[in-house]
Amino acid sequence: MSITTVTTDSESPRFRLEALDPRTRVLSATALVIAVVALNSPAALCLALAGALALAAAAHRSLAGLGRRLLHIEGFLLVLLVLLPLTTPGTPLIAVGPLAASSEGLMLALTLALRIAVCVTAVFALLGSLDPVRLGAALGRLGLPARLVQLLLFVSRYSTIFRTEARRLVEAMRARGFTGRPGLHSLRSYGNLAGMLLVRALERAERVDAAMRCRGFSGRLPLSESGGWGRGDALFGAAVAGAALLLLAADRLA
Amino acid sequence: MAHIPDGVLSPPVLIGGWAVAAIGVGLALRRLDESRIARTAILSAAFFTVSLLMIPLGPTSVHLLLSALMGLSIGIAAIPAVMVALALQMLLFGVGGLTTLGINTVNIALPGVLIGLLAGPWISRLSVPQAMLAGGLAAAGAVALTAGGVVLALLLSHSAYSVSAQVLGITYVPLLLAEALVTAFAVGFLKRVKPEVFPAGLPRPLAAE
């Protein structure tokens, strides 16, 4: 497990992710994911996975939550992972009837699955617990356009409101006998639900817009301040950069 | 469905996706002044919420993309709106990816914006049944383009993906049907209840009242 310490040994034993500047977390996650996307050797990817898991553990992230994220496989990913071994030409390894899984294809599917798992774990460890408001502030301070940041803050704020509103609307539909059984009637109901949510959103937007104008909104929102770069950020950033370079070197050598 | 995770696509495809997304976001933000930001953002939040609902369809269920409806109502602002929604989905649920945020934004938002530009001027003029038909066709077209974008991104990334990518194209058919019908009904509802959702004339992000 010597390599797993690469990403964590520079931190003090009382390593706390929350103590880092959110900008450090965003930049570190981006750097790690970019490095991992460039990896091709299964050995380097296994090292990266061990490191990412250690990072998740060090950040005190719930492993059950990570498991759920890793198991949540998009339908199209499933197609890719199943079909790659069957459709890649090469030495047949297992043959079932007319279908043969080639070792080349299995290797390809394995590296693909590993790469995805490492990236999901790294993002989960570093950004999973980051509140959208702090993320928005961090992105704004990293130089992203102010309007894009405002859009992010607004969408995260109002989507929680609309989620409760949607739940209320669905409950009202259920009370009137809506079962959600697949069919045209169901799709019509969802269409009306979407329309109703948009109508309410538009009406709410008018009120919010008026309230913002009345308070003198001129296109800028103050971003919440949260400390600045510290010694911990420098150490963590250096550790992440070292780990990324080490993985890329291991990938070349393997 | 269209949320490609990190680690699947090749660097040139990822960079191309980011380049197109950055241009789209830049163009959209230029038009999004302080008098429009609240409206656009709050409508985007509503779209994001609806896209999280599970729509039952046959033996499975699908999440809608709603890109055509976004293109019709908020125009090019759909590009930054989709990017923000995808970023939040990655943060909150772990779907999609960091490096693929650009290409995923392009695959989902661009078809909606293009179709919105084409169909937008019509929707506000048509009668309710005609607008429903146009909205359904617009949504079907947008999903087909999204599927094409995902397949193309895979094909350009690795030659080994070719068969899988073609199979993937077929899996978009149920989503296309659900999206077309829900959008048609939503357009019908909005035409009757709140026709000003669809800005008349040239599609600008939410023309002022």
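Order of the sequence lines sets the chain letters (A, B, ...), proteins ahead of strands, with each chain counted from 1.
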Worksheet item: When rounded to the nearest 0.5 angstrom, what distance separates OG in B:Ser164 from CG in A:Leu86?
Response: 9.0 Å
Discussion item. Between B:Glu34 and A:Arg147, does any NZ, NE, NH1 or NH2 come within less than 4.0 Å of an OD or OE carboxylate oxygen?
Written reply: no
Practice prompt. Name the member of A:Phe124, A:Tyr190, A:Phe154 that forms the most heavy-atom pairs with chain B at distances under 4.5 Å.
Written response: A:Tyr190
Discussion item. I'd like to verify something: which residue of A:Asn192, A:Asp209, A:Leu114 has the highest number of heavy-atom pairs under 4.5 Å with chain B?
Written reply: A:Asn192
Worksheet item: What pairs with A:Arg167 under salt bridge (Lys or Arg N to Asp or Glu O under 4.0 Å), at least two apart in sequence or on another chain?
Response: none
Response to the item:
Counting heavy-atom pairs under 4.5 Å with chain B, the top scorer among A:Thr88, A:Leu135, A:Val33 is A:Val33
Practice prompt. Would you mind checking which part of A:Ala194 comes under 4.5 Å of any heavy atom in chain B, side chain (CB onward), backbone (N, CA, C, O), both or neither?
Written response: both
Discussion item. What's the separation between atom CD1 in B:Ile42 and atom CD in A:Glu206, rounded to the nearest 0.5 Å?
Written reply: 10.0 Å
Discussion item. Once rounded to the nearest 0.5 Å, what's the spacing between atom CG of B:Leu168 and atom CG of A:Leu83?
Written reply: 8.0 Å
Worksheet entry | Which atom of A:Leu151 lies closest to which atom of B:Ala81, heavy atoms considered | CD2-N, 3.8 Å
Discussion item. Counting only non-hydrogen atoms closer than 4.5 Å, can you tell me which residues of residues 101-113 of chain A sit against chain B?
Written reply: A:Leu108, A:Leu112
Fill in: chain B interface, residue from A:Leu84, A:Val120, A:Val123 that has the most non-hydrogen pairs under 4.5 Å
A:Leu84
Worksheet item: Do A:Leu148 and B:Val84 come close enough that some side-chain heavy atom pair is under 4.5 Å?
Response: yes
Practice prompt. Look up atom CD1 in B:Ile37 and atom CD in A:Gln150, then write down how far apart they are to the nearest 0.5 Å.
Written response: 4.5 Å
Discussion item. Are there over 12 heavy-atom neighbours, none belonging to A:Arg207, within less than 6.0 Å of that residue's CZ?
Written reply: yes
Worksheet item: With chain B, which of A:Val208, A:Leu197, A:Val37, A:Leu198 has the greatest number of heavy-atom pairs at distances under 4.5 Å?
Response: A:Leu198
Fill in: B:Met90 portion near chain A, given a 4.5 angstrom heavy-atom threshold
both
Fill in: Region of B:Ser10 that comes under 4.5 Å of a non-hydrogen atom in chain A
neither
Worksheet item: Side chain, backbone, both or neither: which part of B:Arg30 has a heavy atom under 4.5 Å from chain A?
Response: backbone
Practice prompt. Could you look at B:Pro11 and say if it's the side chain, the backbone, both or neither that has a heavy atom under 4.5 Å from chain A?
Written response: neither
Fill in: A:Leu127 CG to B:Leu98 CG distance, which is reported to the nearest 0.5 Å
6.0 Å
Discussion item. Please classify the contact of A:Ala29 with chain B as side chain, backbone, both or neither, using a heavy-atom distance under 4.5 Å.
Written reply: both
Practice prompt. Name the region of B:Val8, side chain, backbone, both or neither, that has any atom closer than 4.5 Å to a heavy atom of chain A.
Written response: both
Worksheet entry | Side chain / backbone / both / neither for B:Leu66 at chain A, heavy atoms under 4.5 Å | neither
Discussion item. Can you tell me which portion of A:Leu193 sits under 4.5 Å from chain B's heavy atoms? Options are side chain, backbone, both or neither.
Written reply: side chain
Fill in: Stepwise side-chain contact (heavy atoms from CB on, under 4.5 Å) test for B:Lys194 and A:Leu202
CA-CA 9 Å; B:Lys194 195 107 180 157; A:Leu202 212 65; 3.6 Å; yes
Fill in: All side chain to side chain donor-acceptor pair (under 3.5 Å) counterparts of A:Glu171, not counting sequence neighbours
none
Fill in: chain A contact via B:Leu52 - which portion, at a heavy-atom distance below 4.5 Å
side chain
Practice prompt. Heavy atoms only: give me the nearest A:Gly180-B:Pro56 pair and the separation to one decimal.
Written response: O-CG, 2.9 Å
Practice prompt. Against chain A, label B:Val187 side chain, backbone, both or neither, depending on which of its atoms sit under 4.5 Å from a heavy atom there.
Written response: neither
Worksheet, complete the sentence: Comparing A:Arg157, A:Arg200, A:Arg115 against chain B, the one with the most heavy-atom pairs below 4.5 Å turns out to be A:Arg115
Worksheet, complete the sentence: Looking only at B:Leu29, B:Val163, B:Leu9, B:Leu181, most heavy-atom pairs under 4.5 Å shared with chain A are made by B:Leu29
Discussion item. Minimum heavy-atom separation for B:Leu43 and A:Ala201, please, with both atom names.
Written reply: CD2-CB, 3.9 Å
Discussion item. Whether the side chain of A:Arg188 engages the backbone of B:Phe185 through a donor-acceptor N/O pair (distance < 3.5 Å, no angle test) should be reported.
Written reply: no
Worksheet item: For B:Leu190, is it the side chain, the backbone, both, or neither that has a heavy atom closer than 4.5 Å to a heavy atom of chain A?
Response: side chain
Worksheet item: Roughly how far, to the nearest 0.5 Å, is the OG atom of A:Ser156 from the CG atom of B:Leu91?
Response: 9.5 Å
Worksheet entry | Residues in ring pair (Phe, Tyr, Trp, His ring centres under 6.0 Å) contact with B:Phe48, at least two apart in sequence or another chain | none
